[in-house]
Protein chains: 2
Amino acid sequence: MSNQFGNKLRELREQQNLLLRQVAPLLDVDTPMLSKIERGERQAKKELVLRLAPILKAKPDELLTLWLADQIAALAADEEVGLQAMQVAEEEVKYQKTKKKK
Amino acid sequence: MSNQFGNKLRELREQQNLLLRQVAPLLDVDTPMLSKIERGERQAKKELVLRLAPILKAKPDELLTLWLADQIAALAADEEVGLQAMQVAEEEVKYQKTKKKK
DNA sequence: GTTATATTTGTCATTATTTGGCAAGTCATT
DNA sequence: AATGACTTGCCAAATAATGACAAATATAAC
C-alpha cells in the first residue's frame, strides 16, 4: 500500500517537532485516530486535510493532491488494467473541465 | 457525470439486439437494476462485468478498463487538484508494478 | 528494571453508504 | 386501451466507514 499522504503528514509534523497528542486536539480527533491517519489505516476527511495544512505549514493543495492520489492509487492498484483505466479517466476529467460546470 | 462504462454496455447490447429483460436474468439481477447500471445510477460489481463480457461479445479488459475509469474519474472530477492527483497516483501505481507483489 | 511519555493496536457501538428488489410509473407502438 | 421496453421511487437488508475508548507496545530517562 502506498500512503504518500500519511507519510507527508508525519514528515511535516516531525519537522515542526509536534507530537500526535499536540496536533490531534487541534483537529478534534483523538490521538490514536491521527496516528491511524498518518499510517493510512484510516481515511482523513477533506475538511481535516484543510485544517491540517496551516498547522503543518503546508499548502492545502499539496496535501489535497497527495490525499486524493492515494485514493485513486488504491482503486487502480489492484487491477491489471489500472494504468489504462487511469489514462481513460484522465481524458474524461480533462474533457469535463472544458465544459465548466459539473 | 461520465459513465463511459454504462454507455458502452448499452451500445453493445443494442448492437446485439438484446433487451434489458433478456440480459438481466443471465446476470442474476433484475431488469431495473441493469437499467440503472447502464445509466450509471448503480455501480456494477467486478464479477458482473466479467460475466457481461461474453454476453456482449466484448473483451473483459475493455469493459473493466471503462468500469474502473469511471470510478477514478468520479473521484478526481470534483476536486480542483484532480488532474495533478492523477499524475501522482499514476507514478505511484507504476512504481508498485515494478515491485511485483502488492 | 521501573517510570514516564509517545505511539500503536484492538475492539466496539454507532452511523452512513451501498445494495438489490419490488411496485408502480412513463413512453412509445400498435 | 393493451402491450412491451425501459425507468423511477422507495425500502429493508447488507456492508462499510467512523469515532471513541481501553489496553498494549515501544522508546527513552532515570
Side-chain angles (χ1 to χ4, degrees), chain A residues 1-52 55-56 63-64 67-79 102, chain B residues 1-52 55-56 63-64 67-79 102:
Chain A
M1 190 177 296
S2 36
N3 196 29
Q4 296 205 51
F5 173 67
N7 292 342
K8 175 59 78 174
L9 291 196
R10 179 146 299 187
E11 178 192 327
L12 291 173
R13 180 173 61 81
E14 290 177 342
Q15 266 173 28
Q16 312 280 329
N17 274 327
L18 294 171
L19 302 174
L20 285 176
R21 74 175 163 81
Q22 297 177 302
V23 176
L26 304 176
L27 304 167
D28 293 309
V29 298
D30 70 353
T31 305
M33 178 65 68
L34 186 53
S35 166
K36 285 170 184 174
I37 288 171
E38 283 192 350
R39 287 173 297 112
E41 195 184 307
R42 281 285 199 292
Q43 257 251 332
K45 309 190 145 167
K46 183 177 179 182
E47 193 224 345
L48 186 140
V49 179
L50 295 175
R51 279 194 284 155
L52 207 34
I55 297 171
L56 300 181
L63 294 187
L64 279 177
W67 170 76
L68 227 201
D70 279 353
Q71 299 176 51
I72 294 171
L75 262 187
D78 43 31
E79 295 289 343
K102 73 154 48 175
Chain B
M1 191 178 294
S2 35
N3 196 29
Q4 296 205 49
F5 172 67
N7 293 342
K8 174 59 79 175
L9 290 196
R10 179 145 299 187
E11 177 192 327
L12 291 173
R13 180 173 61 80
E14 291 176 342
Q15 267 174 28
Q16 312 280 330
N17 273 326
L18 294 170
L19 301 175
L20 284 176
R21 73 176 163 81
Q22 296 178 302
V23 177
L26 303 176
L27 303 167
D28 293 311
V29 298
D30 72 352
T31 305
M33 179 64 66
L34 186 53
S35 167
K36 285 169 186 172
I37 288 171
E38 285 191 349
R39 286 173 296 110
E41 195 185 306
R42 283 285 197 291
Q43 256 251 332
K45 310 192 144 168
K46 184 179 179 182
E47 192 223 347
L48 186 141
V49 179
L50 295 176
R51 281 194 283 155
L52 208 34
I55 296 171
L56 300 181
L63 295 187
L64 279 177
W67 170 77
L68 227 200
D70 280 352
Q71 298 176 52
I72 293 170
L75 261 187
D78 43 32
E79 293 290 342
K102 74 152 48 173

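In what follows, chains are A, B, ... by sequence order, proteins preceding strands, each numbered from 1.
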Given atom [atom1] of [X] and atom [atom2] of [N], what is their separation to the nearest angstrom?
X     : N      : atom1 : atom2 : answer
B:E38 : D:dT8  : CD    : C1'   : 16 Å
A:E47 : D:dG19 : CD    : P     : 10 Å
A:L19 : D:dT27 : CG    : P     : 15 Å
B:D30 : D:dA5  : CG    : C1'   : 14 Å
B:R21 : C:dG21 : CZ    : P     : 19 Å
B:I37 : D:dT8  : CD1   : P     : 15 Å
B:M33 : D:dA13 : CE    : C1'   : 13 Å
B:Q43 : C:dT19 : CD    : C1'   : 11 Å

Would you tell me if any nitrogen or oxygen in the side chain of [X] comes within less than 4.0 Å of OP1 or OP2 on [N]?
X     : N      : value
B:S35 : D:dT7  : yes
B:K45 : C:dG20 : yes
B:R13 : D:dC6  : yes
B:R39 : D:dC6  : no

Side-chain heavy-atom pair [X], [Y] within 4.5 angstrom cut-off:
X     : Y     : answer
A:R13 : A:Q22 : no
A:M33 : A:L27 : no
A:V23 : A:L52 : yes
A:E14 : A:R10 : yes
A:Q15 : A:L12 : yes

Query raised in the report: Nearest to the side chain of B:P32 - C:dC22, C:dT7, C:dT9?
Result: C:dC22
Query - Donor-acceptor pair under 3.5 Å, B:K36 side chain vs C:dG20 base - result: no
Query raised in the report: Is B:R42 side chain donor-acceptor paired with the C:dG20 base, going by distance under 3.5 Å alone?
Result: yes
